[in-house]
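Below: one structure, written as structure tokens.
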2 protein chains.
Amino acid sequence: MTASGARVRAPSPTRERILDAALELFVDRGVAGTSISDIERAVGLAAGTGSFYRHFRSKEDVLVASFERGVLRLVEETAAARAAATDVANGTERRARDCEVLLAEMQRFQPLWQLVVVERDRYPELHRVFTEALGVAHWTFGWDDDPTWGVAVAALAGFHQFTLMEAAPYRDITPATFIAVLVDVTSRSDRRSRARQQP
Amino acid sequence: MTASGARVRAPSPTRERILDAALELFVDRGVAGTSISDIERAVGLAAGTGSFYRHFRSKEDVLVASFERGVLRLVEETAAARAAATDVANGTERRARDCEVLLAEMQRFQPLWQLVVVERDRYPELHRVFTEALGVAHWTFGWDDDPTWGVAVAALAGFHQFTLMEAAPYRDITPATFIAVLVDVTSRSDRRSRARQQP
DNA sequence: GTCTATATATCGATAGAC
DNA sequence: GTCTATCGATATATAGAC
């Protein structure tokens, strides 16, 4: 109760902790692999007592709520990070910096991205929330009409996947090395073939 | 029984069908989301009777066996497809053809790749089987020392991921269009910077 | 090789005492 | 808001008849 008498509707702290813990469990073990008891245990409630149901109506309820919360939080954080990024001159330096930022963002979005792909058939809601929150322009960085940037974005996503998998041929290549090669390969054709995007 | 009296150890047909059905279920629903009854039902056995256990000792048993079988089968098929591919002159034509072949392979490996990533913490055996079966050289195509091919491989993997996700900015771009752009962007620096791979 | 029947544990979810 | 107690359904797995 505030001094003015006006009530600030504070969110239930237990509910908040459930949202965080549940999303982490869903990402780590999948939805089917996570039980309500697991969630209760993770937030310090007695497992198997159903205390969870005082905060959410079902497993799907907490799944969607925690996912939505996680996506919105990430979008805000990445937007803030981009806004705080120091300005760099255009050209290859700027290109390399954008690649670093983008790769870091892909790494941060990876758990939620994976959850969408894995649970898509059972919970299409996740895909809807994810794509709506990110929007079409999220990965373009103002390079919209540059086909070399389209290739760079895809290459960063692929490099990220290979690294995550610890798969050949990228097992031992650092992000800095890959970005250097990527910028080198894709920055020598900036002045050509802009109308190549559509068949 | 053969005429010579020599016995050919024919694999149990039910066991074979379980291997195929189980792998498909694991890919579609995850391991935790697939029950033994689901597997029995999928091969025409009465669900919940435990007939499954006459063929495999546990869920993990059939998981590893079916995954190993699936990986080896895919490796053989892709090797045969590459061997049967018609020869194309070197240069951009050859590069485009290799990109098409590689993208098609990534699409075929996608379900098993995803299963490895998702279940890796609980079943690290899958990751071991997958990487051992593919080997370091699987994606290089004889372009080992060409950094532009390293970028192309990563870009194809990324394009595949974005397409799978129906995510921006690749939602409406066809594989043929992307490969055309990719070859165009990466084929103009073949004669330069071969020593750029290590930092 | 498939079935009936069952043991044991856990699942998601609810009712009600405190 | 958390607990005890419990429901009905389902999970993995086994024993034994056919």
Side-chain angles (χ1 to χ4, degrees), chain A residues 1 7-67 115 118-119 121-123 125-126, chain B residues 1 7-67 115 118-119 121-123 125-126:
Chain A
M1 207 178 326
R7 282 206 158 272
V8 177
R9 185 175 294 274
S12 156
T14 303
R15 188 188 149 94
E16 299 291 299
R17 286 166 54 235
I18 288 178
L19 285 171
D20 291 335
L23 186 57
E24 192 178 337
L25 286 168
F26 291 144
V27 165
D28 286 349
R29 313 181 187 178
V31 178
T34 302
S35 69
I36 305 298
S37 294
D38 288 334
I39 299 174
E40 290 172 333
R41 203 174 293 115
V43 296
L45 293 169
T49 63
S51 294
F52 164 89
Y53 291 98
R54 298 285 170 176
H55 305 277
F56 297 93
R57 279 163 34 196
S58 67
K59 195 201 263 191
E60 177 162 5
D61 190 17
V62 72
L63 169 64
V64 174
S66 64
F67 184 80
L115 191 60
V118 169
E119 306 289 353
D121 292 338
R122 280 161 305 245
Y123 306 100
E125 182 85 351
L126 303 188
Chain B
M1 208 181 322
R7 281 205 160 273
V8 177
R9 185 175 294 277
S12 156
T14 303
R15 188 189 149 95
E16 299 291 299
R17 285 166 55 235
I18 288 178
L19 285 172
D20 291 336
L23 185 57
E24 191 178 337
L25 286 169
F26 290 144
V27 164
D28 287 348
R29 314 182 187 177
V31 178
T34 301
S35 68
I36 304 297
S37 294
D38 289 335
I39 298 174
E40 289 171 332
R41 203 175 294 112
V43 296
L45 293 170
T49 61
S51 294
F52 165 89
Y53 291 98
R54 296 284 170 176
H55 305 277
F56 297 94
R57 280 163 37 195
S58 68
K59 195 200 267 192
E60 178 162 2
D61 190 17
V62 71
L63 169 65
V64 174
S66 65
F67 183 82
L115 193 60
V118 169
E119 306 289 354
D121 291 340
R122 279 163 304 249
Y123 306 101
E125 182 84 351
L126 303 187

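Naming: A, B, ... by sequence-line order, numbering from 1 per chain.
Counting only heavy atoms from C-beta on, A:A46 has its side chain closest to D:dC3 among D:dC3, D:dT12, D:dT2.
Looking at A:L63 and A:T34, their side chains never come closer than 4.5 Å, going by heavy atoms from C-beta outward.
Residue B:S58 places no side-chain N or O under 4.0 Å from the OP1 or OP2 atom of D:dA13.
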Pick out the pairs of N or O atoms, protein on one side and nucleotides 14-18 of chain C on the other, that lie under 3.5 Å.
unit_1, atom_1, unit_2, atom_2, d
C:dG16, O6, A:R54, NH2, 2.3

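For the side-chain contact (heavy atoms from CB on, under 4.5 Å) test, residues two or more places apart in sequence or in another chain that qualify with B:A42 are B:A21, B:L25. Listed by chain and number, the residues in a side-chain contact (heavy atoms from CB on, under 4.5 Å) with B:E125 are B:V64, B:R128, B:V129 (sequence neighbours excluded). For B:R17, the side-chain contact (heavy atoms from CB on, under 4.5 Å) partners two or more places apart in sequence, or in a different chain, are B:T14, B:V43. Taking the side-chain contact (heavy atoms from CB on, under 4.5 Å) definition, one finds that B:E16 meets it with B:P11, B:L19, B:R69, sequence neighbours left out.
A heavy-atom distance below 4.0 Å to DNA chain C is reached by none of the residues of residues 31-43 of chain B.
Pairs passing the side chain to side chain donor-acceptor pair (under 3.5 Å) check and including a residue from residues 51-64 of chain B, sequence neighbours excluded, read B:T49-B:S51. A ring-ring contact (aromatic ring centres under 6.0 Å, His included) check over residues 11-52 of chain B, counting only residues at least two apart or in different chains, returns the pairs B:F52-B:F56. Among residues at least two apart or in separate chains, salt bridge (Lys or Arg N to Asp or Glu O under 4.0 Å) pairs with a member in residues 29-45 of chain A are A:R29-A:D38, A:D38-A:R41.
Base pairing in DNA chain D yields stems of at least 3 consecutive Watson-Crick or G-U pairs, both distances under 3.5 Å, namely C:1-7 with D:12-18, C:9-18 with D:1-10.
Residues A:A47 and A:S37 share a closest heavy-atom pair of CB-O, 3.9 Å.
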